[in-house]
Enquirer: 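The structure follows.
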Amino acid sequence: STQAVALALRGEFDAAQEAAGLAVGQGPQLLDAKLAAATIALQQGDTRGALAMTDAVLASAPDNGEAWWIRAHALFQSGDM
């Protein structure tokens with residue numbers, strides 16, 4: 001969500017994660033909300049959370065380049081790449 005991204009850019013990661021989670025909960029089909037949640041999780045060092053969100057995006061949009069990019073960074077951070 002736009003609000004989640006704005007909060008993350010200000011360094012308010014807990015609030016950003018909450019906003020992204022609310023957006024995902026309101027519409028699980030919203031890829032942008034899932035990508036925002038994945039990005040925030042990654043910024044907080046939550047590689048499992050980032051991978052879970054990118055898996056959810058890629059399940060419905062396997063050609064989503066942003067999801068693959070976030071996934072690659074999460075795997076790199078976790079040492080699995």
Side-chain angles (χ1 to χ4, degrees):
S1 79
T2 305
Q3 181 184 12
V5 172
L7 289 165
L9 290 173
R10 290 196 311 246
E12 299 177 34
F13 296 113
D14 290 338
Q17 190 171 33
E18 184 178 337
L22 289 173
V24 169
Q26 290 175 358
Q29 73 283 1
L30 296 176
L31 298 183
D32 288 342
K34 291 178 184 178
L35 290 169
T39 299
I40 293 162
L42 187 61
Q43 289 173 339
Q44 291 187 303
D46 178 11
T47 56
R48 286 185 183 182
L51 291 170
M53 281 291 115
T54 57
D55 285 346
V57 170
L58 294 169
S60 61
D63 293 334
N64 188 295
E66 186 175 357
W68 283 111
W69 184 86
I70 296 167
R71 183 172 181 73
H73 282 273
L75 289 170
F76 181 77
Q77 278 187 6
S78 70
D80 290 336
M81 184 174 193

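Side chains included, hydrogens not; waters and symmetry mates left out as well; all remaining heavy atoms used.
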Enquirer: First locate atom NE2 of His73, then atom OG of Ser78, and finally report the distance between them rounded to the nearest 0.5 Å.
Expert: 12.5 Å

Enquirer: Would you compute the distance between atom CG of Leu58 and atom CD of Glu66 and round it to the nearest 0.5 angstrom?
Expert: 11.0 Å

Enquirer: Considering only heavy atoms from C-beta outward, does the side chain of Met53 approach that of Leu35 to under 4.5 Å?
Expert: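 When only atoms from C-beta onward are counted, Leu35 and Met53 do not touch, as no gap falls below 4.5 Å.
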
Enquirer: Which heavy-atom pair separates Thr47 from Ala74 by the least distance, and what is that distance?
Expert: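 Heavy atoms of Thr47 and Ala74 come nearest at CG2-O, 3.5 Å.
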
Enquirer: Keeping Trp69 on the side-chain end and Asn64 on the backbone end, is there a donor-acceptor pair under 3.5 Å?
Expert: no

Enquirer: Mind checking the NZ-CD1 spacing from Lys34 to Ile70? Nearest 0.5 Å is all I need.
Expert: 13.0 Å

Enquirer: Looking at every heavy atom in both Ala50 and Ala38, which two are closest together, and how far apart are they?
Expert: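 Looking at all heavy atoms of both residues, the shortest contact is CB-O, 3.5 Å.
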
Enquirer: Mind listing the closest non-hydrogen atom pair of Leu51 and Thr54 along with its distance?
Expert: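 Looking at all heavy atoms of both residues, the shortest contact is O-OG1, 3.0 Å.
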
Enquirer: Return the CG to CZ distance between Leu42 and Arg71, rounded to the nearest 0.5 Å.
Expert: 12.0 Å

